[in-house]
Q: 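Right, I'll just put the structure down here and ask away after.
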2 protein chains.
Amino acid sequence: MPKSSTVNKTPIACTDHNHEHCIEEALIKAEQLCAKRGARLTALRRNVLRLIWKNHAPLGAYDLMDMLAEEDTRRVAPPTVYRSLEFLLDQGLIHRINSLNAYVGCHSPSDDHEEYFLICRECGVAVEVPAKEISRAIDKNAEAMGFTIETQTLEVVGLCPNCK
Amino acid sequence: MPKSSTVNKTPIACTDHNHEHCIEEALIKAEQLCAKRGARLTALRRNVLRLIWKNHAPLGAYDLMDMLAEEDTRRVAPPTVYRSLEFLLDQGLIHRINSLNAYVGCHSPSDDHEEYFLICRECGVAVEVPAKEISRAIDKNAEAMGFTIETQTLEVVGLCPNCK
DNA sequence: TTGGTTGCTGTTATATTATTACGTTTCAGA
DNA sequence: TCTGAAACGTAATAATATAACAGCAACCAA
């Protein structure tokens, strides 16, 4: 196997960390990135991003609608949330977890990275792991079979250190 | 990267092959496996499996319902199809493609294999590729981070040899 | 500053995928 | 042939996502 570029220790998401810091950092990075790109991080989009970062477990679109409703005393319709999600996905600020129909904040939105997810089936936490070597190997195999790769989705479900 | 166990050539699914043979073989293997396990491959389940094997592109549950309706002049309700799909998944006779909400026949239902999918976004074909080494590497990394892995989902989308 | 254009949000309706709950039938084994 | 478990039928509904169109806000050029 490739020499692992992965740090071999418990992910921050699974430790007792200052999560306010995660949220704050994510929002600042998002502001900066959008400013740089001339993309508009509107109040709604910012709110959705903040709510997604509420914890390290992916949230569904309808969960987000409920959370928005709780905060604003005003119900938002599905297209509104889905449009925000689409924007955040396009900007690489969040990822979609296909196996959960849910969305989670991206840890390194600035670089064009390959990643995969370790998902705990008990507490729901989803840890983003760099997948550069694995990804490259898959690309190589695929090309040998005549495929041109555009996107990869690797989702791994199990138990996190806290839940086992 | 690991020495590839993948055969480096165009997958059968992407060639002009005798697909009747694929279907027949899949059904025979299914019969044998179910017989061995004492599992009941009923007429309905067999039909669903046959329809899934209609081609090498994953089919949605409602597609299958439509196809059953066309053949039987009798509409089957969602739970009926979903129960058959659940059985076939349990028996390892089919796989679910999360990114498409669709189902595709398994090429080697008898062995407890790890696999991933190359999916063509143009023609829809989904090719099953053995992922033993990659899978093991992911397991190892995950364990180093304190995770215990139960299931892996790797789906790769791009263009097949015929569509590019 | 105005007017036009573009992009964002609101709203209604509906599509798509999947499950719950309960009743009926079928079938293998006693 | 009876019986219990498994499979299937049916109606209702949940969960996720999109289409289509209207109104509004922000930006830019004149």
Side-chain angles (χ1 to χ4, degrees), chain A residues 30-31 34-52 57-69 71-91 93-104 124 153 155, chain B residues 30-31 34-52 57-69 71-91 93-104 124 153 155:
Chain A
E31 303 271 18
C34 288
K36 200 170 87 182
R37 293 171 181 165
R40 285 165 61 188
L41 188 64
T42 63
L44 177 66
R45 290 166 175 174
R46 196 177 184 284
N47 263 333
V48 171
L49 181 60
R50 181 174 48 77
L51 291 173
I52 285 179
L59 289 171
Y62 282 74
D63 296 332
L64 291 165
M65 283 172 59
D66 293 344
M67 292 162 84
L68 284 170
E71 294 198 344
D72 284 16
T73 61
R74 175 146 162 289
R75 188 116 210 119
V76 168
T80 302
V81 163
Y82 279 103
R83 281 186 293 231
S84 286
L85 291 172
E86 194 186 2
F87 171 85
L88 297 170
L89 286 168
D90 286 349
Q91 297 298 324
L93 297 170
I94 62 173
H95 296 288
R96 182 174 205 277
I97 309 294
N98 283 321
S99 55
L100 300 175
N101 296 331
Y103 307 83
V104 71
T153 311
E155 297 167 13
Chain B
E31 302 271 19
C34 288
K36 199 171 88 181
R37 292 170 181 166
R40 284 164 62 187
L41 188 65
T42 62
L44 177 66
R45 290 165 174 174
R46 195 176 186 282
N47 263 333
V48 171
L49 182 59
R50 181 173 49 77
L51 291 173
I52 285 179
L59 289 171
Y62 282 72
D63 295 331
L64 290 165
M65 283 172 59
D66 292 344
M67 291 161 84
L68 283 169
E71 293 198 344
D72 284 17
T73 61
R74 175 148 163 288
R75 187 117 208 119
V76 168
T80 303
V81 162
Y82 280 103
R83 280 186 294 231
S84 287
L85 290 172
E86 193 185 2
F87 171 86
L88 296 171
L89 286 168
D90 286 349
Q91 297 298 324
L93 296 169
I94 62 173
H95 295 289
R96 182 173 205 280
I97 308 295
N98 283 322
S99 55
L100 300 174
N101 296 330
Y103 306 84
V104 71
T153 310
E155 296 167 14

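Quick note on labels: first sequence line is chain A, next is B, and so on, each numbered from 1.
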Q: Send over the distance from B/Leu59 CG to C/dT17 P, rounded to a whole Å.
A: 11 Å
Q: Check the distance between D/dA14's P and A/Asn101's CG and give it to me in whole angstrom.
A: 18 Å
Q: Can you pull out every salt bridge (Lys or Arg N to Asp or Glu O under 4.0 Å) where at least one residue sits in residues 39-52 of chain A? Sequence neighbours excluded, please.
A: A/Glu31-A/Arg46, A/Arg50-A/Glu71
Q: Please compare A/Val76 and B/Gly60 by the position of their nearest nucleotide in DNA chain C and report the one closer to 5'.
A: A/Val76
Q: A/Arg74 near the nucleic acid: base, sugar-phosphate alone, or nothing, with a heavy-atom cut-off under 4.0 Å?
A: sugar-phosphate
Q: Salt bridge (charged side-chain N to carboxylate O under 4.0 Å, His left out) with A/Asp66: which residues, sequence neighbours excluded?
A: A/Arg75
Q: May I ask you to say what A/Thr80 touches in the nucleic acid, namely base, sugar-phosphate or nothing, with a heavy-atom cut-off under 4.0 Å?
A: base
Q: Separation of B/Arg45 atom CZ from D/dA7 atom C1', in whole Å?
A: 6 Å
Q: Hey, what do you get for CD1 (B/Ile52) to CG (B/Leu88), rounding to the nearest 0.5 Å?
A: 6.0 Å
Q: Whole-Å distance between C/dC27 P and B/Leu41 CG?
A: 14 Å
Q: As an exercise, state the distance from CG of A/Leu64 to CG of A/Asn47, rounded to the nearest 0.5 Å.
A: 10.5 Å
Q: Atom CG of A/Leu44 to atom P of D/dC24: distance rounded to whole Å?
A: 18 Å
Q: Is the side chain of A/Gln91 donor-acceptor paired with the backbone N or O of A/Cys34 at a distance under 3.5 Å, no angle test?
A: no
Q: Treat primed atoms plus P, OP1 and OP2 as sugar-phosphate and everything else as base, then score nucleotides 19-26 of chain C 5' to 3': B for base contact with protein heavy atoms under 4.0 Å, S for sugar-phosphate contact only, - for none.
A: BBB-----
Q: Please state how far atom CD in B/Glu86 lies from atom P in C/dT17, giving the value in whole angstrom units.
A: 19 Å
Q: Yes or no on side chain to side chain contact (heavy atoms under 4.5 Å, CB included) for A/Val48 and A/Leu85, after CA distance, side-chain angles and deciding distance?
A: CA-CA 8 Å; A/Val48 171; A/Leu85 291 172; 4.0 Å; yes
Q: Expressed as a whole number of angstroms, how long is the span from B/Met65:CE to D/dA11:C1'?
A: 13 Å
Q: Return the CD1 to OG distance between B/Ile97 and A/Ser99, rounded to the nearest 0.5 Å.
A: 12.5 Å
Q: A/Leu85 has an atom CG; how far is it from atom C1' of C/dC8, in whole Å?
A: 15 Å
